[in-house]
There are 2 protein chains.
Amino acid sequence: MRLSHAIQDYLKTIYALGVEGRPVSTTAIARRLGIAPASVTGMLQRMASMSPPLIHYRKRRGVTLTEEGERIALETLRHHRLLETYLVVNLGYSWDAVHEEACRLEHVISEDFERRIAEALGNPERDPHGDPIPTPDLTMPQSDSCPLASLQPPQRAVVRRVCNEEPPFLRHIARLGLKPGVRLEVLERSAFDHNLRLRLEGHEDELILGPAVTERIYVEVIS
Amino acid sequence: MRLSHAIQDYLKTIYALGVEGRPVSTTAIARRLGIAPASVTGMLQRMASMSPPLIHYRKRRGVTLTEEGERIALETLRHHRLLETYLVVNLGYSWDAVHEEACRLEHVISEDFERRIAEALGNPERDPHGDPIPTPDLTMPQSDSCPLASLQPPQRAVVRRVCNEEPPFLRHIARLGLKPGVRLEVLERSAFDHNLRLRLEGHEDELILGPAVTERIYVEVIS
DNA sequence: ATCTTAATTTAGGATATACTAAATACGTGT
DNA sequence: ACACGTATTTAGTATATCCTAAATTAAGAT
Ligand SMILES: [Mn+2]
Ligand SMILES: [Mn+2]
Ligand SMILES: [Mn+2]
Ligand SMILES: [Mn+2]
C-alpha cells in the first residue's frame with residue numbers, strides 16, 4: 001500500500017519533532033507544515049486509524065510514531081538526504097538550494113533509484129548539511145554532537161551538522177566558512193548575550209557569532 | 001499556476017495521440033491512461049474551461065490542444081525524455097526500466113533540474129528509445145524516419161526509433177540487437193504475412209521479423 | 001424512417017486533503 | 001472552585017480526481 005506525499009511529510013515532521021519519544025503536539029505539526037491545526041487533527045485521526053496504524057494518537061495529548069510510522073519516516077528521510085547529497089555532488093547544486101527539490105522528489109523515486117544514487121555516492125552517511133542518512137535497513141546512525149553554543153573557551157571542535165534549512169541562513173554561514181568538517185577553536189564566550197568569539201582553522205580573522213547561529217550548528221569536541 | 005500531475009499526463013497523451021492536428025477521442029485517451037471514459041469526459045471539460053484553456057473541446061467530436069496545452073505537453077515530454085536519458089546514461093538503468101520512473105519524476109523536477117541534467121548529458125536530441133527530445137524553447141525536432149515495415153529488399157537503413165514502451169517488447173528487440181543507431185539490410189519481404197528477413201550490420205545470422213515488430217521500429221533509409 | 005450498437009455524456013458518489021468558524025477541554029493562577 | 005487564555009477538536013465546506021450506472025447521441029444497417 002503506497003502512502004501519499006502528504007502522509008509521508010507528516011511522518012517526517014513527527015519524526016523530526018519527536019525527540020526522545022516525547023509526543024508531538026498538533027500545533028507544532030501545523031506550524032512546521034504550514035497547515036491549519038484543524039486540518040492536522042483530521043489527518044492525525046486518519047493516520048491513527050489506518051491498518052497498520054502509523055501513529056499513536058491520544059486526544060489532546062499529541063502523537064508518537066508506531067513502528068510502521070517510524071519505518072516510513074526513515075524511508076522518506078533516507079530518500080530526502082540521499083537526494084540532497086546527489087544534487088550537490090553529482091549535479092552541482094549549492095547546499096542551500098537542495099531542500100525544496102529533494103522534498104518533492106523524495107516521494108516519487110523507486111527503491112531502485114534510491115539504491116543507484118546511494119551507490120553512485122559511495123553509500124554516504126551524511127548529507128550536505130551533516131544530517132545523518134538512515135541506513136538501507138532504516139536505522140538512524142547516532143552521532144554525538146552538541147550545539148556550538150554549549151562550548152567554552154578554549155575548546156576545539158569540528159563542525160558536524162547545521163540544523164536549519166532556510167537558504168538565507170545556509171548562505172550566510174557558508175560565506176563565513178562554517179561548513180561540516182571545518183575545525184574551529186572557541187576563544188571567548190561573552191556573558192549575558194552568549195556570543196562566541198572563535199577562529200576557524202586556516203582562517204586568519206576571528207568570528208563573533210550570536211546564539212541564533214551557535215544553537216543551530218552542531219559540533220564534535222576535539223579531545 | 002502549477003498544473004497537476006493528472007493534467008500533465010492528459011496533455012502528454014493528447015499530444016501523442018493527436019497526429020497532424022486530428023482531434024483525439026475520449027475513448028482513446030481513456031484506454032491509454034487506463035481511466036474510465038466518464039472520468040475522462042469530466043477532466044476534458046475542466047481542462048477546456050480553464051483560463052487559459054488547455055484544449056479545444058467539442059462535444060462528441062474529440063479534443064485538440066490549444067497553444068498553451070501544447071506548450072505544457074512539450075514541457076512535460078522534455079522532462080520525461082531527458083530523465084529517461086539521464087537514468088540510462090548516468091545511473092545505469094536499462095532502457096526497458098526507465099519509462100515508469102520518468103513518468104513519476106517528470107512532474108516534480110524544477111526547471112533548474114531540467115537544465116542541469118540536459119547539460120550533464122550534453123543537450124541530447126534523442127532519448128534511449130530514439131524519441132526526439134523537445135528543445136529548451138519547446139519545439140519538437142522533426143525526424144524523417146519511416147516504419148521498418150515499409151521497406152523493400154534490398155534497402156538498407158539505420159534504426160532510429162522504437163515506438164513501444166512495453167518492457168517485454170524492449171527487452172525482446174534488444175536481445176536481437178535492434179537498437180537505435182544499428183544499421184541493417186532488408187533481404188526479403190514475404191507476401192501475405194509481411195515478414196521481413198534482414199541482417200544487422202556486424203551480425204552473421206539473419207533475422208525474421210513480423211509486422212508486430214517492424215511496424216514499431218522506425219528507420220532512416222540509407223541512400 | 002427506424003433500429004441497433006458503440007461512443008459519449010450526465011448523474012450521483014467516494015476519497016483525500018485542505019479550509020474557516022464554532023465548540024470544547026486543559027492548565028494556571030486566583 | 002473558577003475564570004481565562006490557549007490548544008485542540010468538531011462541524012460544515014471546497015476542490016481535485018476518480019468511479020459506476022443510466023441516459024443520450026451519432027452512425028451505420030435494414
Ligand atoms: Mn516532501
Ligand atoms: Mn539536509
Ligand atoms: Mn507522468
Ligand atoms: Mn522514451
Side-chain angles (χ1 to χ4, degrees), chain A residues 1-14 17-18 22-65 68-69 72-73 76 103-104 106-108, chain B residues 1-14 17-18 22-65 68-69 72-73 76 103-104 106-108:
Chain A
M1 156 246 331
R2 176 139 232 180
L3 293 168
S4 69
H5 303 190
I7 286 179
Q8 291 178 9
D9 278 345
Y10 273 87
L11 290 172
K12 261 194 350 180
T13 300
I14 295 166
L17 295 175
R22 248 200 313 257
V24 178
S25 75
T26 303
T27 322
I29 298 168
R31 244 197 321 269
R32 184 68 103 86
L33 290 175
I35 285 173
S39 310
V40 173
T41 297
M43 181 61 113
L44 294 180
Q45 288 169 346
R46 214 147 19 95
M47 289 166 68
S49 61
M50 298 176 75
S51 53
L54 303 175
I55 54 176
H56 300 293
Y57 172 59
R58 295 174 58 205
K59 251 193 199 181
R60 299 185 153 83
R61 294 317 200 70
V63 296
T64 55
L65 295 175
E68 176 69 0
I72 294 158
T76 310
C103 200
R104 276 178 280 109
E106 64 191 357
H107 310 292
V108 305
Chain B
M1 152 247 331
R2 179 139 230 178
L3 292 167
S4 70
H5 302 192
I7 286 180
Q8 290 179 9
D9 278 345
Y10 273 88
L11 290 172
K12 262 193 350 179
T13 301
I14 294 167
L17 294 175
R22 248 200 312 257
V24 179
S25 75
T26 303
T27 322
I29 298 169
R31 241 198 321 268
R32 184 68 103 86
L33 289 176
I35 286 174
S39 309
V40 173
T41 298
M43 180 62 112
L44 294 179
Q45 288 169 345
R46 213 145 21 92
M47 289 167 68
S49 61
M50 299 176 77
S51 53
L54 303 175
I55 54 176
H56 299 294
Y57 172 59
R58 296 175 58 206
K59 250 194 197 179
R60 300 186 151 84
R61 292 317 197 73
V63 296
T64 54
L65 295 176
E68 176 69 1
I72 295 159
T76 310
C103 200
R104 277 177 279 109
E106 65 191 357
H107 309 292
V108 304

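In the text below, chain A, chain B and the rest are named by the order of the sequence lines, each starting its count at 1.
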Test A:Leu44 against A:Ile29 for side chain to side chain contact (heavy atoms under 4.5 Å, CB included), laying out the working first. CA-CA 10 Å; A:Leu44 294 180; A:Ile29 298 168; 4.1 Å; yes
Contacts under 3.5 angstrom, residues 30-39 of chain A side chains, donor-acceptor by atom type, not counting sequence neighbours:
none

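- Of the candidates D:dT17, C:dT9, C:dA16, the closest approach to any side-chain atom of B:Arg46 belongs to D:dT17.
- Within residues 35-44 of chain B, the residues having any heavy atom under 4.0 Å from DNA chain D are, by residue number, B:Ile35, B:Ala36, B:Ala38, B:Ser39, B:Met43.
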Please tabulate, one pair per line, each protein N/O and nucleotide N/O from nucleotides 22-29 of chain D that are separated by under 3.5 Å, including the distance.
residue	atom	partner	partner atom	Å
D:dT24	O2	B:Arg60	NH2	3.2

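- The distance between atom CZ of A:Arg58 and atom P of C:dC26, rounded to the nearest whole Å, is 11 Å.
- For B:Tyr10 and D:dA16, the shortest distance from a side-chain N or O to OP1 or OP2 is not below 4.0 Å.
- The separation between B:Arg2 atom CZ and D:dA16 atom P is 17 Å, rounded to whole Å.
- Mapped onto DNA chain C by nearest heavy atom, A:Ala6 and B:Arg31 fall at different nucleotides, with B:Arg31 at the one closer to the 5' end.
- Here D:dA16 presents its P atom at 17 Å from CG of B:Asp9, a figure rounded to the nearest Å.
- Judged as a ring pair (Phe, Tyr, Trp, His ring centres under 6.0 Å), and not counting sequence neighbours, the contacts of A:His5 are A:His107.
- For the atom pair CE (B:Met43) and OH (B:Tyr10), the distance works out to 5.0 Å, reported to the nearest 0.5 Å.
- Residues passing the salt bridge (Lys or Arg N to Asp or Glu O under 4.0 Å) test with A:Arg104 are A:Glu101, sequence neighbours excluded.
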Going through the checks in order, is the side chain to side chain contact (heavy atoms under 4.5 Å, CB included) test met by B:Leu11 and B:Thr76? CA-CA 9 Å; B:Leu11 290 172; B:Thr76 310; over 6 Å; no
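- Legend: residues meeting side chain to side chain donor-acceptor pair (under 3.5 Å) with B:Gln45, ordered by chain and number and at least two apart, are absent.
- Residue B:Ile55 holds its CD1 atom at 5.0 Å from CD1 of B:Ile14, rounded to the nearest 0.5 Å.
- Close to C:dA7, at under 4.0 Å from its OP1 or OP2, lies no side-chain N or O of B:Lys59.
- For A:Ser25 and D:dA7, the shortest distance from a side-chain N or O to OP1 or OP2 is not below 4.0 Å.
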